[in-house]
Amino acid sequence: MGFSRDFLWGGATAANQLEGGFACGGRGPATSDIMTDGAGDRKRKLTLELSDGTKKVFSRERDGQRIPKGCKGYYDSGCYYPSHQAVDFCHHYKEDIALMAEIGFRAFRMSISWTRIFPQGEEEQPLEEGLQFYDDVFDELIKYGIEPVVTLNHYDMPLHLAKMYDGWHSRRTLDCFLRFCRFVFKRYSRKVKYWMTFNEINFMQDYVTLGMSDAADYGRRQQAVYHLLLASAKAVRLGREINPEFRIGCMVNAILLYTNTCNPKDALLQVQESREVRDFYLDVQCRGAYPNYKLLELERNQADLRKEAGDEDALRQGTVDFIGFSYYNSSVVSAESKARAAEGNLYRGEKNPYLSESEWGWAIDPLGLRVLLNQLYDKYRLPLMIVENGLGAEDSVDECGKIQDSYRISYLRSHITEMKKAVDKDGVELLGYLPWGCIDLVSAGTGEMKKRYGFIYVDMDDKGNGTKERSRKESFFWYQKVIQSNGEDLD
Ligand code: BGP
């Protein structure tokens, strides 16, 4: 059987990690623009001015989500902010898309930078220059027969909305977001068919993604999450009105959790934890209502959400057409141990002795991808799309100028093998495979450049030094064969 002829092979990126040109064409500052590089402790930090005028560098590790109210993001001349130039796709997009076409991409996932279209987020009219930029990018993709897959919001938001309204804690942000959606849906109605609302909506929990202070407070965070889920549903409904041919999906970090033992306490914990970090978001976006377990949890915690008439209908009518998800690693939960010693993509669990790990400590689990595809399809009966997967690793250029990334090939090969079984043997409906960072870009978690995922190498270091020259890695040619053979030749 194999993959369908129109299976979307390609790759994935996000504006703030890829584009650069942060002030080009009148683009406004976004929350992602005040994150520094990872020098020192490898984690990104935020440069913020507090309401009393004192300036502070906030560390997520040290200060958590407790960003005080009334903060203003500012740029410190002593810091390097990776998103400002990222890998400069803004000025290299023709060359980059030509390389993707050479690999044979049938789809390319990218996000639209909100502040390139609405610099402050609340203007009545969009910036024509920003709209034109994405028109040019889409035209270039379409020229090569590459289908754009567009994330409406990927880990950033207008800094102005964060400062003025406390970001997603306020309903005002939701209204501004919908205006942004209306303009881009209309403008690109004939160029883009596949959309996703929020990247990893289940892990939007800090100042950068939510634009709000004190996101660690339970009630405040639940209010913001409610606004996000409502915004997603309303965007889906709006998109359908504008073009019924649109296919609009959600996007979750599909963290897969195993039980540490057969202790029933572990089993219960796995159910509860999976709901908290993943399933709740899917339940709402795929089924159109808050599930009972969440309603009871809100009641127990006396979280009284601000809602408006019509919200329930909006949630019900805005269910998605497909599930987009990221998958890098699995994790383990244990009722007995609370060590949480294992790293992973945004989730820390217990170590799994059966699995090896990446250089950044993420457990490598290809079989887990098959398990996950089955779990999600069984539960929601919606088509799935893998919109992130891959190995973050340090690459080196050898004396002949070659980048031999066989470790990346073997990671991808093993995951594609399991994905193929899920389609062939288990009958899962899968629309596409878009591995992360198909061209090297800035790491979301650490701000580093040296944590690379791409088939296309970009000559740049963690401080942004380098020629930005693009070159083909060994995996470039390997993935070319995979796509040419429609996933049959994985050698
Ligand atoms: C996902 C994000 C991406 C991306 C990826 C890899 O959670 O959606 O933006 O960066 O993880 O993570 P990192 O860049 O930290 O290696």
Side-chain angles (χ1 to χ4, degrees), residues 11-19 30-33 35-38 41-45 60-61 82-83 86-87 89 108-114 149-157 196-206 208-210 228 249-256 277-278 281 323-331 342-348 357-364 369 372 385-395 405 407-408 411-412 415 433-455 458 460 462:
T13 60
N16 77 85
Q17 295 167 259
L18 176 78
E19 287 178 0
T31 46
S32 51
D33 296 327
M35 280 198 291
T36 70
D37 66 309
D41 61 4
R42 281 204 359 209
K43 292 282 175 206
R44 299 218 264 195
K45 296 170 180 162
R60 213 185 293 179
E61 301 231 296
S83 71
V87 294
F89 178 75
F108 175 57
R109 175 181 175 220
M110 52 183 271
S111 69
I112 295 184
S113 161
W114 188 347
V149 176
V150 176
T151 321
L152 287 160
N153 185 259
H154 190 128
Y155 283 180
D156 67 1
M157 66 171 312
M196 285 179 292
T197 52
F198 293 95
N199 179 67
E200 295 186 340
I201 192 167
N202 50 332
F203 278 91
M204 291 177 72
Q205 49 199 10
D206 61 5
V208 176
T209 51
L210 295 174
L228 286 174
C250 58
M251 194 308 195
V252 295
N253 176 333
I255 188 79
L256 174 70
V277 298
R278 185 190 75 190
Y281 300 86
I323 298 174
F325 70 89
S326 61
Y327 175 79
Y328 294 87
N329 60 277
S330 58
S331 200
E343 294 285 342
N345 188 18
L346 299 164
Y347 180 89
R348 287 184 86 113
E357 291 176 352
S358 79
E359 287 169 59
W360 272 262
W362 298 11
I364 300 175
L369 179 59
L372 180 67
M385 200 191 291
I386 300 171
V387 298
E388 285 187 35
N389 173 236
L391 181 74
E394 264 191 79
D395 294 333
D405 57 343
Y407 36 89
R408 183 165 295 111
Y411 176 100
L412 295 169
H415 283 75
Y433 180 65
L434 308 175
W436 177 249
C438 46
I439 173 166
D440 290 345
L441 38 65
V442 177
S443 157
T446 68
E448 294 163 308
M449 240 342 268
K450 68 167 182 276
K451 189 181 189 192
R452 298 170 182 273
Y453 288 86
F455 305 110
V458 179
M460 258 179 93
D462 288 348

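For ligands, and for the atoms within them, numbers begin at 1 and follow the listed sequence. When reading the values below, keep in mind they use all heavy atoms of this one structure, side chains included, and skip hydrogens, waters and symmetry mates. Everything quoted here is computed from the prediction, not taken from an experiment.
Considering only heavy atoms from C-beta on, Arg109 stays 4.5 Å or farther from Met385 through its side chain. Tyr411 places a side-chain heavy atom less than 4.5 Å from the side chain of Asn389.
Looking at Asn199, Thr13, Asn16 one by one, the single match for side-chain hydrogen bond (donor to acceptor under 3.5 Å, both in side chains) with His154 turns out to be Asn199.
Relative orientation of the Phe89 and Phe108 rings is tilted, given thresholds of 30° and 60° on the angle between their planes. Using a 30° and 60° split on the angle between ring planes, Trp436 and Tyr453 fall in the perpendicular class, above 60°.
Of the protein's non-hydrogen atoms, Gln17 NE2, 3.0 Å is the one closest to atom 10 (O) of ligand 1. For atom 14 (O) of ligand 1, the nearest protein heavy atom (residue, atom name, distance) is Ala444 N, 2.7 Å. Nearest protein neighbour of atom 7 (O) of ligand 1, counting heavy atoms only, is Glu200 OE1, 2.5 Å. The protein atom (non-hydrogen) at minimum distance from atom 15 (O) of ligand 1 is Gly445 N, 2.8 Å. Looking only at protein heavy atoms, the nearest one to atom 1 (C) of ligand 1 is Glu388 OE1, 3.0 Å.
Heavy-atom proximity to His154, at under 4.0 Å, picks out these atoms of ligand 1: 3 (C), 8 (O), 9 (O). The distance from ligand 1 to the heavy atoms of Trp362 drops below 4.0 Å at these ligand atoms: 12 (O), 16 (O). Of all atoms in ligand 1, listed by their number and element, those nearer than 4.0 Å to a heavy atom of Lys451 are 13 (P), 15 (O), 16 (O). Here is the list of ligand 1 atoms found below 4.0 Å of a heavy atom in Ser443: 13 (P), 14 (O), 15 (O), 16 (O). Every atom of ligand 1 is numbered from 1 in the order shown, and the set under 4.0 Å from a heavy atom of Asn199 is 8 (O).
For a threshold of 3.5 Å applied to N or O pairs, the pair formed by Ala14 and ligand 1 contains no separation below that value.
Checked against salt bridge (charged side-chain N to carboxylate O under 4.0 Å, His left out), Glu394 has no partners two or more places apart in sequence or in another chain. Residues satisfying the salt bridge (charged side-chain N to carboxylate O under 4.0 Å, His left out) criterion with Asp440, sequence neighbours excluded, are Arg452, Lys473.
The structure places CH2 of Trp360 at 7.0 Å from OG1 of Thr446, a figure rounded to the nearest 0.5 Å.
Residue Asn253 places no heavy atom under 4.0 Å from ligand 1.
No side-chain donor-acceptor contact under 3.5 Å links Asp206 and Tyr155.
The residue among Tyr453, Tyr328, Trp360 with a heavy atom at the shortest distance from atom 16 (O) of ligand 1 is Tyr453.
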